[in-house]
Structures are given as C-alpha cells and as structure tokens.
Amino acid sequence: MNFPENLKYSKEHEWVKVEGDVAIVGITEFAQDELGDIVYVDAPDVGKQLSQNQTFGVIESVKTVSDLYSPLSGEVIEVNAAVVNTPELVNKDPHGEGWIIKLKANNLAELNNLMDSVAYRALIGK
C-alpha cells in the first residue's frame with residue numbers, strides 16, 4: 001500500500017497535497033481499499049466554502065456509503081469531473097487521477113492538525 005510522504009492525512013482517511021494556496025483532496029489508498037469498488041462520488045459545487053473537517057460529499061461503493069470530510073478550510077475551486085463521471089478512478093489511482101476536489105485554502109496553519117505518512121500508517125496499523 002502506498003502512503004506518499006508529500007501528502008498530509010486526516011483521521012477520516014482523506015489526503016491533501018498543497019501547491020501554493022491550492023489544496024488537492026482525495027481519499028487514501030487504504031480508504032478506497034476498505035470501501036471496495038467505488039460506484040458513485042458526490043462532490044460539492046465550485047464556490048462552496050468549507051471548514052476543516054466539514055463534510056463535503058459522499059462516496060459510495062458496492063459495500064457502503066461514506067461521508068467525505070474536508071481536511072482544510074477553503075473555497076472549492078475545482079471538482080474532478082473525471083472522478084464524478086468515472087468513480088472507479090478513485091480505486092485505480094487514489095493519490096493521482098482519483099483526486100476529488102481542489103480548494104483555495106484559507107488557513108494553511110490547519111495542516112498542523114493533520115498527520116504525516118508515518119503517523120497515518122500508525123493510525124491504520126500498516
């Protein structure tokens with residue numbers, strides 16, 4: 001299982017990659033593996049303001065439905081239409097093409113509330 005060191009992780013199993021003030025958000029490889037075959041992703045509208053740990057959508061698999069939580073506060077500036085139209089992209093490439101939203105982060109200090117890859121691996125016992 002892959003846990004890129006350049007990402008930060010939430011205890012709700014989202015990852016975030018920050019490039020400038022843009023935060024790219026997806027779910028972890030562990031989460032997609034636990035969910036199984038993903039069949040639906042509901043993402044927010046562009047322009048929606050999110051707070052850290054606020055739910056922003058749902059992800060549905062053949063096993064269950066789970067809420068998605070924003071790892072940072074900010075404005076949604078892009079939704080990955082490829083994932084909305086082809087949800088299995090999350091299974092195939094969770095840390096790459098399977099990203100879900102991009103946020104214009106408004107408080108990068110919130111990154112301190114997230115885990116690095118070592119801490120996340122400890123959380124999930126991997």
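Because the structure is a prediction, the values reported are computed rather than measured.
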Quiz item: CG of Leu72 to CG of Leu111: how many Å apart, nearest 0.5 Å?
Solution: 5.0 Å
Quiz item: Can you find a heavy atom in the side chain of Leu103 that is under 4.5 Å from one in the side chain of Glu75?
Solution: no
Quiz item: Is any side-chain heavy atom of Pro87 less than 4.5 Å from a side-chain heavy atom of Val39?
Solution: no
Quiz prompt | From Asp93 atom CG to Asn2 atom CG, the distance as rounded to the nearest 0.5 Å | solution = 9.5 Å
Quiz item: Does Asp37 reach the side chain of Ser61, with side-chain heavy atoms less than 4.5 Å apart?
Solution: no
Self-check item: Backbone N/O of Glu88 and side chain of Thr86: donor-acceptor pair under 3.5 Å
Solution: no
Quiz item: Any link between Val90 and Phe3 through a network of hydrophobic side chains (Ile, Leu, Val, Met, Phe, Trp, Tyr) touching at under 4.5 Å?
Solution: no
Quiz item: Which pair of heavy atoms, one from Leu35 and one from Ser66, lies closest together, and at what distance?
Solution: CD2-OG, 3.5 Å
Quiz item: Does CD in Gln49 sit with more than 12 non-hydrogen atoms of other residues, nucleotides or ligands closer than 6.0 Å?
Solution: yes
Self-check item: Same cluster (ILVMFWY, side-chain, under 4.5 Å), Val18 and Tyr69
Solution: no
Exercise. Please report the shortest heavy-atom distance between Phe30 and Met1, naming the atom on each side.
Key: CA-SD, 3.6 Å
Quiz prompt | Atom pair CG/CE of Leu7 and Met115 - distance to nearest 0.5 Å | solution = 12.5 Å
Practice problem: Tell me yes or no: between the side chains of Asn91 and Gln32, is some donor less than 3.5 Å from an acceptor? | Solution: yes
Quiz item: Can you name the closest pair of heavy atoms from Pro94 and Trp15 and give their distance?
Solution: O-NE1, 3.0 Å
Practice problem: Measure from the side-chain N and O atoms of Asp33 to the backbone N and O of Glu29, and report whether any donor-acceptor pair falls under 3.5 Å. | Solution: no
Quiz prompt | Side-chain heavy atoms of Val41 within contact of Leu89, under 4.5 Å | solution = no
Quiz item: For the atom pair CD1 (Ile101) and CG (Asp45), what is the distance rounded to the nearest 0.5 Å?
Solution: 11.5 Å
Side-chain polar contacts of residues 118-126 - donor-acceptor pairs under 3.5 angstrom, sequence neighbours left out - could you list them?
unit_1	atom_1	unit_2	atom_2	d
Tyr120	OH	His13	ND1	2.7
Tyr120	OH	Thr28	OG1	2.9
Arg121	NE	Lys126	O	3.4

Quiz item: How many angstroms lie between atom NE2 of His95 and atom NZ of Lys17, to the nearest 0.5 angstrom?
Solution: 11.5 Å
Quiz item: Transitively linked via ILVMFWY side-chain contacts under 4.5 Å: Ile24 with Leu50?
Solution: no
Quiz item: Which distance, rounded to the nearest 0.5 Å, do you find between the CD of Glu78 and the CD1 of Ile100?
Solution: 13.0 Å
Exercise. Tell me, please, whether Trp99 has Lys102 positioned over its six-membered ring: NZ or CZ under 6.0 Å from the ring centre and within 45 degrees of its axis?
Key: yes
Quiz item: Tell me, do Ser117 and Tyr9 make a side-chain contact under 4.5 Å, heavy atoms counted?
Solution: yes
Table please: side-chain donor-acceptor pairs of residues 52-60 below 3.5 Å, with sequence neighbours left out.
unit_1	atom_1	unit_2	atom_2	d
Gln52	OE1	Asn113	ND2	3.0
Gln52	NE2	Pro71	O	2.8
Gln52	NE2	Glu110	O	3.2
Gln54	OE1	Ser51	N	2.8

Quiz prompt | Under 3.5 Å: donor-acceptor pair, side chain of Asn112, backbone of Ala109 | solution = yes
Quiz item: What pair of heavy atoms forms the shortest contact from Leu108 to Gly20, and how long is it?
Solution: CD1-O, 3.8 Å
